[in-house]
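Working notes, beginning with the structure itself.
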Amino acid sequence: MASADSQPRFGQSVKGLLSDKVGSCGGDVIVLTRQVLKGSRSQELLGQAARNMVIQEDAILHSEDSLRKMSIITTHLQYHVEHSKNLQDQLRHLLK
């Protein structure tokens, strides 16, 4: 009869251990899910940062191109201003 008495206790302790393990595994799954979601969010942020860098790089290249064009225009304007000064001097000399 002693063995019949010990069987329910053994079954209960196994059920208790099993229940604890299932709870622990459930907690681990929750932690793992959070980490995966965090990693997914990190990947999303990295992708967004990469897209922003490409946009900024394009803006910088466009700005460099604009500065180069403005430099050429400035050189042309300086030439024309100098040329017009020479023409003005020649006209003054002719009108004297």
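Residues take their numbers from the sequence shown, with the count starting at 1. These numbers come from a predicted model, not from an experiment.
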Practice item. Any chance you could pull the hydrophobic cluster mates of Leu77, using side-chain heavy atoms under 4.5 angstrom and chaining through other members? Key: Ile73
Check your understanding: Just wondering, do Asp58 and His62 contact through their side chains at under 4.5 Å, heavy atoms?
Key -> no
**Study point:** Members besides Leu67 in its Ile/Leu/Val/Met/Phe/Trp/Tyr cluster (side-chain heavy atoms under 4.5 Å)
**Key:** Met70
Output side-chain donor-acceptor pairs under 3.5 Å for residues 29-36, partner residues at least two apart or in another chain, one line each.
from  : atom 1 : to    : atom 2 : distance (Å)
Thr33 : OG1    : Val29 : O      : 2.7

Review point. Is Ser84 close to His80 at the side-chain level, that is, under 4.5 Å between some pair of heavy atoms?
Key: no
**Study point:** Atom pair OG (Ser24) and CG (Leu17), whose distance is rounded to the nearest 0.5 Å
**Key:** 12.0 Å
Check your understanding: Of all residues at least two apart in sequence or in a different chain, which pass the side chain to side chain contact (heavy atoms under 4.5 Å, CB included) check with Gln78?
Key -> Thr74
Review point. By the rule that ILVMFWY residues connect when side-chain heavy atoms come within less than 4.5 angstrom, directly or transitively, which residues belong alongside Tyr79?
Key: none
Practice item. Could you list all the side-chain hydrogen bond (donor to acceptor under 3.5 Å, both in side chains) pairs where at least one residue sits in residues 86-96, not counting sequence neighbours? Key: Asp89-Arg92
Point to revise | Inter-residue atom distance Leu37.CG - Glu44.CD, 0.5 Å rounding | key: 11.0 Å
